[in-house]
Number of protein chains: 2
Amino acid sequence: MTNHSELIKGTLGTIILRLLSQKGRMYGYEITQLVKEITDGKVLVKEGSLYPALHKLEADGLVTTEEVFIGKRVRKYYTLTQPGKNAAQASVDELLAFLKTIHNLITAQPLASYGAA
Amino acid sequence: MTNHSELIKGTLGTIILRLLSQKGRMYGYEITQLVKEITDGKVLVKEGSLYPALHKLEADGLVTTEEVFIGKRVRKYYTLTQPGKNAAQASVDELLAFLKTIHNLITAQPLASYGAA
DNA sequence: TTACTATACATTGTAAAGCTATGTATTTTA
DNA sequence: TAAAATACATAGCTTTACAATGTATAGTAA
C-alpha cells in the first residue's frame, strides 16, 4: 500500500468487504480511488495487492462479478454474496476489536506486572 | 501471534519498544507473558516471532542486552538505547496514527464517492 | 496531432514478518 | 516422578502486500 506498508497486512480483505457492503457494487480501480480519498492519501492500494485480493474473495465465494463495457473498455464490478455479507460484518467486527486491543497494548500506562502483583 | 495472526504484521517491533520504554528492562519470556496479560490472552507472542524480533532490534542498535543467571538458567535482559527510545516514541506515534486511519476507513458511514460528488 | 496522464484490467517474482515445529536445558508443581 | 512452566534459540513455511511489467482505451493539454 503506502509507506508504513507492513502495518497493513491482513486488513486489505476487510477493507474491500467493508466498502462493498457500503456501496453495494464497485470495480477495482474505483476501490483504489475511494480508499485513497477516504484516507486522504495515507493508504494507497496497489494493483499488485488489489486484484489478487479480489480474485481470492471471488474464489472463496464471497463476491460475484459482472463485466460491463464502458465504450470498448471493460469494467469488472464486484458484489457481495450473502456469505460475503456475513463475512464483511464478522471481519469488520474482528478488525475493530483487534485495533482496540493493540491501542490498549501500546497506550496502557500502569503496566500490568508479570512476576509481581 | 494468535488466531487473527495476520493482523499483527508490523506491530510487534512497536509493541516491544513500547513495553521496554515503560518497564525499562525486560527479558524475552517476560514480554510474552506481559503481552498476554495486558491483552487478556488475545495477543500471544510466540518464541518464533519474539526472538528474531529482539535480535533484529539489537542488530539495529535500538536495544542492548545483559545476561543474568537465575540459578543455572540464563535470562537475557533487553534495555533501550537512546536511539531505541527515540524509535519507540516515533514508532508508537506512527502506529497510533495508522490505527486511527484504518478505524476511520472501516467505519466511515457517508462514504466518499469517487466519480460522483 | 501528439504526447502525457488517467482509466482499467492482469500477472510474475520478491521481500517482510510472523508462525510451526523442533531443540536444549533448568525449575517448579501436582 | 512426570508434567508443566520457565527460558533461550533456529530452520523452514506461509501469508500478504509490493514492485515491476504488460496490455489497452480514453481524455487532455501542448
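Order of the sequence lines fixes the chain letters, A, B, ..., with proteins taken first and strands second; residue numbering starts at 1 for each chain.
The CD1 atom of B:I31 sits 13 Å away from the P atom of C:dG18 (whole-angstrom rounding). One atom, NZ of B:K56, and another, P of C:dA16, lie 9 Å apart when rounded to the nearest Å. In this structure, A:L12 places its CG atom 16 Å from C1' of C:dA16, rounding to the nearest Å. One can place CZ of B:R73 at 5 Å from P of D:dA7, the figure rounded to the nearest angstrom. Rounding to whole angstrom units, CD of residue B:E67 and P of D:dC8 are separated by 9 Å. For A:E47 and C:dT11, the CD to C1' distance is 12 Å, given to the nearest whole Å. Per the geometry, CE belonging to A:M26 stands 16 Å off C1' belonging to C:dC9, to the nearest Å. Atom-to-atom, OH of A:Y51 to P of D:dA20 comes out at 18 Å; the value is rounded to the nearest Å.
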Name each donor-acceptor pair under 3.5 Å that joins a side chain in residues 64-73 of chain B to protein atoms two or more places apart or in another chain, with its distance.
residue : atom : partner : partner atom : Å
B:T65   : OG1  : B:E58   : OE2          : 3.2
B:E66   : OE1  : B:R25   : NH1          : 3.3
B:E66   : OE2  : B:R25   : NH1          : 3.3

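Heavy atoms of B:R75 sit under 4.0 angstrom from primed sugar atoms or phosphate atoms, though from no base atom. Contacts of A:G28 with the nucleic acid, taken as non-hydrogen atoms under 4.0 Å apart, involve only primed sugar atoms and P, OP1 or OP2.
Judged by distance alone, with hydrogens and angles left aside, the side-chain atoms of B:H55 form a donor-acceptor pair with the main-chain N or O of B:Y51 at under 3.5 Å. The backbone N or O of B:A88 sits nowhere less than 3.5 Å from a side-chain atom of B:R18 that would complete a donor-acceptor pair. Looking only at distances, a side-chain donor or acceptor of B:T81 sits under 3.5 Å from a matching main-chain atom of B:L62.
Residue A:A53 is the one, among A:I70 and A:A53, whose nearest nucleotide of DNA chain D lies closer to the 5' end (criterion: closest heavy atom). Along DNA chain D, the nucleotide closest to A:L50 and the one closest to A:G71 are compared, and the more 5′ of them pairs with A:L50.
One finds no side-chain N or O of B:K46 lying less than 4.0 angstrom from the OP1 or OP2 phosphate oxygen of C:dA21. Listed pair B:Y27 / D:dC8 fails the phosphate criterion, with no side-chain N or O lying under 4.0 Å from OP1 or OP2. Distances shorter than 4.0 Å separate some side-chain N or O of B:H55 from OP1 or OP2 on D:dT10.
Within a 6.0 Å sphere centred on NZ of A:K23, other residues, nucleotides and ligands contribute more than 12 heavy atoms.
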